[in-house]
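Throughout, residue positions are numbered sequentially from 1 according to the sequence presented. All values reported here derive from a predicted model rather than from experimental measurement.
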Amino acid sequence: MPEEQLGQDALRTETVSMPVAGMASAPEMDTALRLSIYLRCLAIQGSWNYEILVGNGVGFCVEPALRQLPGGVDGPLYREALARQSVYFNAHPYLAALAIGALARAEVEQVAPQRIERFRTALCGPLGSVGDRLVWAAWLPACSLVALLLFGVGGSALVVALGFLGLYNLGHFGLRDWALRAGWRHGLRVATALGHPVLQHGPRYIGRVSAVLGGLALPLAVHRAMGGPAPLTPIPVGVAVVTPLLAVLLVRLQGRAEGWRVVLFLLAAFVLYSVVR
């Protein structure tokens with residue numbers, strides 16, 4: 001995507017071309033600090049508004065790390081850093097943890113304020129577009145199709161709900177944790193983390209899996225919704241298996257077989273089956 005590519009190019013320019021000024025290295029993020037920031041990340045949208053979006057949330061999440069600055073919470077460095085991190089910011093709420101980890105480390109290292117501000121601005125575009133494609137356009141639909149499949153094979157409402165929530169939050173919480181760790185580890189060179197294979201290629205592979213899940217789930221779910229017999233009988237299982245295989249076949253035959261001919265053949269086969277049966 002052009003906008004995403006421009007944002008990542010700007011981020012690489014900002015993080016690679018200039019040396020980091022400040023302390024030689026940030027202190028290790030101990031367990032207590034990481035847990036504190038992580039739990040705050042879960043509430044990053046709690047103060048969302050149309051003026052600065054999640055800006056206040058970023059400041060709220062970074063605040064535990066800022067206490068390590070010289071002078072503590074009563075010092076001018078703490079107040080200036082907190083004010084700097086509480087202005088406009090827009091990113092996917094899950095991948096915002098990547099920015100939070102990197103910004104927290106930059107503040108602890110006392111990087112020049114002007115550079116932190118430029119870096120903060122450059123993060124918005126990439127974190128928004130990458131997160132939207134990975135989570136909203138790929139992971140969420142895939143988890144929904146798994147829930148639909150559970151319903152189709154006879155799962156109760158509780159099983160369907162727990163299946164969806166368990167699978168979705170496994171990815172959700174895991175992504176936030178990875179993002180926070182990667183942000184702190186890479187600091188201002190966080191563009192490296194944005195090149196992770198899961199972020200770059202995950203949406204494409206999850207989309208392919210979703211296509212197969214859809215072919216399995218939809219026939220079974222419709223069969224159950226129409227009040228058909230037990231779903232795990234030869235006919236509905238056969239339809240559920242053949243549907244994704246047919247989709248793969250149509251993709252393979254693209255340009256060599258017209259879709260309407262394939263559909264007409266299948267319709268004739270179903271009519272023949274109904275008559276013989």
Item checked: CA sep, side-chain torsions, deciding dist, call: Asn90, Ile52, side-chain contact (heavy atoms from CB on, under 4.5 Å) -> CA-CA 8 Å; Asn90 186 28; Ile52 60 174; over 6 Å; no

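- A pairwise comparison of heavy atoms in Leu134 and Val198 identifies CD1-O, 3.8 Å as the closest pair.
- Take Asn169 and apply the side chain to side chain donor-acceptor pair (under 3.5 Å) test, not counting sequence neighbours, and it matches His172.
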Output side-chain donor-acceptor pairs under 3.5 Å for residues 135-145, partner residues at least two apart or in another chain, one line each.
from	atom 1	to	atom 2	distance (Å)
Trp136	NE1	His92	NE2	3.3
Trp136	NE1	Asp132	OD1	3.4
Trp139	NE1	Tyr168	O	3.2
Ser144	OG	Leu140	O	2.9

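- Contact detail for Gly155 and Val160: the closest heavy-atom pair is O-CG2, 4.1 Å.
- A single hydrophobic cluster is seen to contain both Phe173 and Leu35, as judged by linkage of ILVMFWY side chains at heavy-atom distances under 4.5 Å, directly or through other members.
- Here Gln110 contributes atom CD and Gln68 contributes atom CD; the two are 11.0 Å apart, rounded to the nearest 0.5 Å.
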Item checked: Pair Phe89-Leu53, side-chain contact (heavy atoms from CB on, under 4.5 Å): steps then yes or no -> CA-CA 6 Å; Phe89 192 79; Leu53 303 183; over 6 Å; no

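- The two residues Arg133 and Leu199 come nearest to each other via the heavy atoms NH2-O, 4.2 Å.
- Taking Arg40 as the reference, Glu63 meet the salt bridge (Lys or Arg N to Asp or Glu O under 4.0 Å) condition, with sequence neighbours excluded.
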Next item on the list: Please lay out, stage by stage, how Glu80 and Arg84 fare under the test salt bridge (charged side-chain N to carboxylate O under 4.0 Å, His left out).
Entry: CA-CA 6 Å; Glu80 291 170 4; Arg84 187 164 47 247; 5.0 Å; no

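- Ala193 and Leu98 make their closest contact through CB-CD1, 4.0 Å (heavy atoms, listed as atom of the first residue, atom of the second, distance).
- For Asp177, the salt bridge (Lys or Arg N to Asp or Glu O under 4.0 Å) partners are Arg181, not counting sequence neighbours.
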Next item on the list: Just do the side-chain contact (heavy atoms from CB on, under 4.5 Å) check on Phe119 and Val190 with the steps written out, would you?
Entry: CA-CA 10 Å; Phe119 171 73; Val190 77; 3.7 Å; yes

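- The CZ atom of Arg67 lies 12.0 Å from the CG atom of Asp74; values are rounded to the nearest 0.5 Å.
- With Trp184 as the partner, the side chain to side chain contact (heavy atoms under 4.5 Å, CB included) test is satisfied by one option alone out of Ile37, Val108, Ile100: Val108.
- Tyr205 and Val212 fall into different hydrophobic clusters, defined by Ile, Leu, Val, Met, Phe, Trp and Tyr side-chain heavy atoms under 4.5 Å apart, directly or through other members.
- Cluster partners of Phe60, using a side-chain heavy-atom cutoff of under 4.5 Å among ILVMFWY residues and allowing indirect links: none.
- In terms of heavy atoms, Leu127 sits closest to Ala91 at CB-CB, 3.8 Å.
- No continuous path of ILVMFWY side-chain contacts below 4.5 Å connects Leu39 to Leu170, so the two sit in separate hydrophobic clusters.
- A cation-pi arrangement, defined by a distance under 6.0 Å to the six-membered ring centre and an angle within 45 degrees of its axis, is absent between Arg176 and Tyr38.
- Residue Ala65 comes nearest to Ala104 through the heavy atom pair CB-CB, 3.8 Å, listed as atom of the first residue, atom of the second, then distance.
- Leu162 belongs to a hydrophobic cluster whose other members, connected by ILVMFWY side-chain contacts under 4.5 Å either directly or through intermediates, are Leu158.
- Here the CG atom belonging to Leu103 is positioned 11.0 Å from the CD atom belonging to Glu117, to the nearest 0.5 angstrom.
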